[in-house]
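Structure first, commentary second.
Just so it is clear, the values below take in all heavy atoms, side chains as well, and ignore hydrogens, waters and symmetry mates.
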Amino acid sequence: MIDRSAERAYNDAQTRVREHYGDPASAFLCIRCGGSAHVWTLDHRAPDAIIDFRGRRYSEDPHWYFPLCDRCANVYATMGPTAGPIFKRVSTFDLLPEPDWFADTFAHSDDSSILGSAAYSAYVRWSETARIQRKDVWSRKAFYARLEERGIARRKTNNGLVLLRLKLKVSS
């Protein structure tokens with residue numbers, strides 16, 4: 001039998017990190033390369049690091065985490081404790097400037113709903129007009145997660161995924 005309390009402890013530590021910094025790692029720049037970060041990474045020098053049953057290291061203290069992109073996180077994990085000089089530790093991180101894609105494209109509406117595919121297409125069109133680089137355009141899954149953060153519920157129907165209480169703004 002697997003001890004699920006250890007699983008919860010790791011997840012709770014990740015939740016504390018997100019609550020401490022106020023945003024997911026994707027809202028920050030990678031501290032190594034300056035690209036868009038994807039993960040919160042535990043500093044190898046964290047004195048109170050705990051290793052769970054899967055071999056994952058975590059800390060109860062969110063100050064020992066910093067944002068990295070996937071590529072830099074893989075390099076950091078591979079290098080282990082020798083990575084210190086290459087990865088400068090900073091106390092504050094730069095937030096990515098996020099254009100207001102939601103306000104430009106969508107509006108809350110209690111009596112409306114929209115197909116997820118139409119909403120995603122509208123977001124992709126917006127990203128093209130906002131000159132967002134193709135590599136930085138969210139996948140459909142990431143797009144739905146961002147809508148969920150804004151309180152937009154979704155439901156599966158025979159016609160596909162439907163986003164509730166949401167409508168497209170009419171372009172002028």
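Summarising the local packing, CZ of Arg71 is surrounded by 12 or fewer heavy atoms from other residues, nucleotides or ligands at distances under 6.0 Å.
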* Using the side chain to side chain contact (heavy atoms under 4.5 Å, CB included) rule, take Gln14 and Leu42 through it: C-alpha gap first, then chi angles, then the decisive distance, then the call. => CA-CA 10 Å; Gln14 294 294 319; Leu42 178 64; over 6 Å; no

* Starting from the C-alpha separation in whole Å, work towards a yes-or-no answer on side chain to side chain contact (heavy atoms under 4.5 Å, CB included) for Asp48 and Trp64. => CA-CA 9 Å; Asp48 62 344; Trp64 284 103; 4.2 Å; yes

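Ile51 contributes atom CD1, which lies 10.5 Å from atom OH of Tyr58 (distance to the nearest 0.5 angstrom). The CZ atom of Arg56 sits 6.5 Å away from the CG atom of Asn11 when rounded to the nearest 0.5 Å. In this structure, the separation between SG on Cys69 and CG on Asn74 is 8.5 Å, given to the nearest 0.5 Å. Here NZ of Lys167 is found 4.5 Å from OG of Ser109. Values are rounded to the nearest 0.5 Å. Summarising the geometry, atom CZ belonging to Phe106 is positioned 13.0 Å from atom OG belonging to Ser112; distances are rounded to the nearest 0.5 Å. In this structure, the separation between CG on Leu168 and CG on Leu115 is 10.5 Å, given to the nearest 0.5 Å.
The nearest pair of heavy atoms linking Ala37 to Ala25 is CB-O, 3.3 Å. Minimum interatomic distance between Arg155 and Leu164 (heavy atoms only, all atoms of both residues): NH2-CD2, 3.2 Å. The minimum heavy-atom distance between Gly116 and Arg140, with the atom names listed, is O-NH1, 4.2 Å. When all heavy atoms of Trp138 and Tyr120 are compared, the closest pair comes out as O-OH, 2.7 Å. Nearest heavy-atom pair, Leu68 versus Ala73, reported as atom, atom and distance to 0.1 Å: CD1-CA, 3.7 Å. Contact record, Arg165 with Ala153: NH2-CB, 4.2 Å, taken as the closest heavy-atom pair.
Considering only heavy atoms from C-beta on, Tyr10 stays 4.5 Å or farther from Ile50 through its side chain. Side-chain contact between Leu161 and Tyr144: present, with at least one pair of heavy atoms (C-beta onward) separated by less than 4.5 Å. Contact of the Phe102 side chain with the Leu166 side chain is registered, since non-hydrogen atoms from C-beta on lie closer than 4.5 Å. Two residues are said to be in side-chain contact when any heavy atoms from C-beta on lie closer than 4.5 Å; Arg57 and Asp43 fail this criterion. Inter-residue side-chain proximity for Thr105 and Tyr123 is flagged as unmet; no heavy-atom pair is nearer than 4.5 Å. When side chains are defined from C-beta on, Asp61 does not count as touching Arg16, because their heavy atoms never get closer than 4.5 Å.
The salt bridge (charged side-chain N to carboxylate O under 4.0 Å, His left out) search around Arg154 returns Glu148, not counting sequence neighbours.
In this structure, Lys169 contributes its side chain and Ala103 its backbone to a donor-acceptor pair below 3.5 Å. A donor-acceptor pair under 3.5 Å links the side-chain atoms of Tyr76 to the main chain of His44, judged by distance alone. Checking side-chain atoms of Tyr65 against main-chain N and O of Ser59 turns up a donor-acceptor pair under 3.5 Å.
Relative ring orientation between His20 and His63 is described as perpendicular, the plane-to-plane angle rising above 60° on a 0-90° scale split at 30° and 60°.
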